[in-house]
Amino acid sequence: MYHRLLWHCLLLAILLLVIEPAVRSQNAPTGPGFHGLPVRSKLADPAIESKVDALLKQMTLAEKVGQLVQYSVGTPAGPGTGREDYGEMVAKGEVGSLYNLPDVAAANHYQHIAVEKSRLHIPLINGLDVIHGYRTEFPVPLGLASTWDPDIVQRAARIAAQEASAAGVRWTFSPMVDIARDPRWGRIIEGAGEDPYLGGEIARAYVRGYQGTNLANSDSIAACAKHYVGYGAAEGGRDYNTTEISEHTLREVYLPPFYAALDEGGATVMSAFNALNGVPATANPFTLTEVLRNEWHFPGIAVSDFGAVRELIAHGIANDGETAAYRAFSAGLDMDMESSVFHEYLLKLVEDRKIPEARIDQAVRDVLRVKFALGLFDNPYTDETRENHGALPQASLDVARAAAERSFVLLRNEPVNSRRLLPLTSETQTVALIGPLADDPGAMLGSWGGRSRPGDAVTLKTALTQRLGPHGVKYAQGGDFLAATDEQINAAVEAARSADIAILALGEEPNSMTAEAASRAHLDLPGRQEELLEKVSATGKPVVLLLFSGRPLTLPWAFAHVPAVMEAWFPGIQAGPALVRTLYGESVPSGRLVLSWPRSVGQIPIYYNALDTGRPAGNIDLSHPPTNSEEKYVSRYIDELNSPQFPFAYGLSYGDFHYSVPELSTNKLSAKELAADLHTRPADAKTVLTVSVNVTNSGKVPAEEVVQLYVGLRGTSVAEPVRALKAFRRVALAPGQSDRVTFSLPPQAFVIWDVHNSYTVEPCQVRVWVSPDSAQGQPVPLEITP
Ligand code: BGC
């Protein structure tokens, strides 16, 4: 009898564990949050909380569910799109958010219905993918990150917020903060590359820019950190594919940029399409509840990605829409973007007692908090006279041009006739301008172009013609992205023969070859572009290759033979002026790669902050196949180098920089003291180590340098990256000028997710580098004692 009772209790406990929705803890976190702390959210405000409470008390269950439903009113593109009845649903309080509305008039139209016709007058929150600009289009996010300049990213996001909010948009699905180590993945263009620290700093900059000083200002828009989490690790680089990420790597690499975005006050987060360790991110209780709510105490909206809740059926963890709704909602998601299953089933799930109403209340609170914080209850409508339909203001163009100039990464600049080819001099009077990207304004806007207009974009051809006059530019397109005729290629070769130099603008077509659903298994130049490049080079005329792409391209021939190569990404509306100023040296390239650039697809994934192996290749010469066992039984390829084509943070300048040996404020730190300090917030944390270096511009032109600090830990309980970025600073130096750059490191610079699954600092040997990229510099030792 006693045994049977015990057995029943055990069964009940197991059942509860299996079927109960993930439970948000009410107390302070028991486990460590990232760095042991809840995020600093602007939504955690008692004034907002009491308004939310009062409203919630008046809501029927159906009205509550309505707040958790989101539909796209734009072009029919998926399950809930293309409906006729959005207005009726809004009037009945069945929808909490619309997105993809065509203009401000439509935003106000639906808002009037929500506020005037729905029983409780709850405003809608209107969303849009404002990714790298609304109308003033800035470089694509990968380009913006390549500036290594959070300030310019923030200014770009601010302009985007001002323009978008004038069109009635109060919520952008940006920034994408997915760490990505695989350039086959098309969406690598939407993020900030492979490094968690840089990714976090860039994420914070976007949030500050979008949300402004106060979310309630009419020109602030809510940010959305996406895609939570692990989307960038899609296996094989194939979009939407499964990911397997250990908790250690999740905590140290993939989660930090999300933490940073939300800690900066980011109001919303979007779950990812991928399965993470077997559990789709849309329905993952560990990430959506344990980490996001119980550790980070995030009080804002967790929205699904487009149609992703219904896609749980395709994932194989639900056999019908009701189960899909149950799994996603009970795992911790608040809002269903587009797939309509929350709309169809949440009410029933509560009535059937499968989901407690208290869980619905939690989700509704998350939504209402954001709406109150945005001031939507007080100011639901957008002043339709705010939007600028005329020419873009000079101030916006200036930011767009500066961002583009800082995003360019000079990859190669070899001497031609004993002088480096770039910058061009006034002796270059005639230029053969060749390639599908030389005069395509739409392509300059990149993918996810917001509401940009090709007419606002200035192409390279236009800007170069302005400088050299019509006779100075011999333009020959040389074919399209994928197709070229022999005549087109021959015409380009002839143009090169008749000019002083040739500039080729080659790369990817942004909409079909980069971003979502545009993974590539081959990373070379599409179509006949490589052939075009080689034939033009064969004329013997000096060649400058400008690459426009959303990812690294594997171009071994070009990197061995073309004297000057610069990665331009997709630079936005000021592409032409920014490129011409850079080519002629009025702007000096200062962008740095935010990802390791592979030599060949077979090296992928390749990233600088990797772990060492038990058999590192060390100093073994990898340039030939192994000839003996010493050369063979190490971690290497037999037919490729281990090193990337260009390392993380690489980028040339027209300046020339010299670094002194870094000086550390101490050569011993105490693990115990550092661990005790961990629970202070990174921004307020005390400095535990300063590292100083003198950087000198020994070149002939004023230039900016991105000075970087890396740390490597050895002797810890888990293997840590060989080296990992912990700080960086942009410095502007005149020729001959020296600057002392001092970095102040908080204890968090030494934190690890240890073998016992918690954040800590362990006694170990530390190496500290201050260098111009991730492959250079001599480390200085430091010890962390017990
Ligand atoms: C993308 C998201 C985007 C959403 C809404 C999805 O396909 O994955 O990044 O925000 O659509 O447009």
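Just follow the structure's listing: the first ligand is 1, and inside any ligand the first atom is 1. Keep in mind the model is a prediction, meaning the values are calculated, not measured.
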Enquirer: For Arg453, I'd like to know if atom CZ has over 12 heavy atoms of other residues, nucleotides or ligands within 6.0 Å.
Expert: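 For Arg453, atom CZ is crowded (more than 12 foreign heavy atoms under 6.0 Å).
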Enquirer: Judged by non-hydrogen atoms, does Met270 sit under 4.0 Å from ligand 1?
Expert: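 Met270 counts as a contact of ligand 1 under the 4.0 Å cut-off.
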Enquirer: Between Phe273 and His227, what is the ring plane arrangement, given parallel below 30°, perpendicular above 60°, and tilted in between?
Expert: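 Correct class here is parallel.
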Enquirer: Just to be sure I read this right, does ligand 1 sit under 4.0 Å from the backbone of Glu338, its side chain, both, or neither, counting only heavy atoms?
Expert: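 Under 4.0 Å from ligand 1, Glu338 contributes no heavy atoms.
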Enquirer: Can Met176 be said to touch ligand 1, with heavy atoms closer than 4.0 Å?
Expert: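 Contact absent.
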Enquirer: What's the shortest distance from atom 7 (O) of ligand 1 to any protein heavy atom, and which residue and atom give it?
Expert: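 For atom 7 (O) of ligand 1, the nearest protein heavy atom is Glu516 OE1, 2.8 Å.
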Enquirer: If you take the nearest heavy atom of each of Asp129, Asp239, Thr172, which one is closest to atom 10 (O) of ligand 1?
Expert: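 The option holding the nearest heavy atom is Asp129.
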Enquirer: May I ask you to establish whether Arg451 and Tyr134 are in a cation-pi arrangement, using a distance under 6.0 Å from NZ or CZ to the six-membered ring centre and at most 45° from the ring axis?
Expert: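 No, Arg451 does not sit over the ring of Tyr134.
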Enquirer: Give me the ring orientation class for Tyr231 and Tyr240: parallel if the planes are under 30° apart, tilted from 30 to 60°, perpendicular past 60°.
Expert: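 The arrangement is parallel - the two ring planes meet at less than 30°.
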Enquirer: Does either side chain, that of Thr249 or that of Tyr254, offer a donor lying less than 3.5 Å from an acceptor on the other one?
Expert: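 Side-chain D/A pair, Thr249 to Tyr254: absent.
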Enquirer: Just jot down the ligand 1 atoms closer than 4.0 angstrom to any heavy atom of Phe173, in number order.
Expert: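 Going through ligand 1 atom by atom, the ones under 4.0 Å from Phe173 are 10 (O).
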Enquirer: What I want to find out is whether Asp263 reaches Arg204 closely enough, with some N-O distance under 4.0 Å, to be called a salt bridge.
Expert: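 Salt bridge: yes.
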Enquirer: Is there a nitrogen or oxygen of Lys226 sitting under 3.5 Å from a nitrogen or oxygen of ligand 1?
Expert: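 Lys226 vs ligand 1: N/O contact under 3.5 Å present.
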Enquirer: Is the contact between Glu190 and ligand 1 made by the side chain, the backbone, both, or neither, using heavy atoms and a 4.0 Å cut-off?
Expert: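 No part of Glu190 is near ligand 1 at this cut-off.
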Enquirer: With sequence neighbours excluded, give me every salt bridge (charged side-chain N to carboxylate O under 4.0 Å, His left out) pair touching residues 216-231.
Expert: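 Qualifying pairs: Asp129-Lys226, Arg158-Asp219.
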Enquirer: Looking only at protein heavy atoms, which one is nearest to atom 6 (C) of ligand 1, and what is the separation?
Expert: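 Answer for atom 6 (C) of ligand 1: Asp305 OD1, 2.9 Å.
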Enquirer: With a cut-off of 4.0 Å, which atoms of ligand 1 are near a heavy atom of His227?
Expert: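 Near His227, meaning under 4.0 Å from one of its heavy atoms, ligand 1 has 2 (C), 8 (O), 9 (O).
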Enquirer: Report the C-alpha separation of Val601 and His522 in whole Å, then their side-chain angles, then the decisive distance to 0.1 Å, and conclude whether the side-chain contact (heavy atoms from CB on, under 4.5 Å) test is met.
Expert: CA-CA 7 Å; Val601 172; His522 306 280; 5.7 Å; no
Enquirer: With heavy atoms of Phe306 as the reference, note each atom of ligand 1 found under 4.0 Å away.
Expert: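 Ligand 1 atoms under the 4.0 Å threshold to Phe306: 6 (C), 7 (O), 11 (O).
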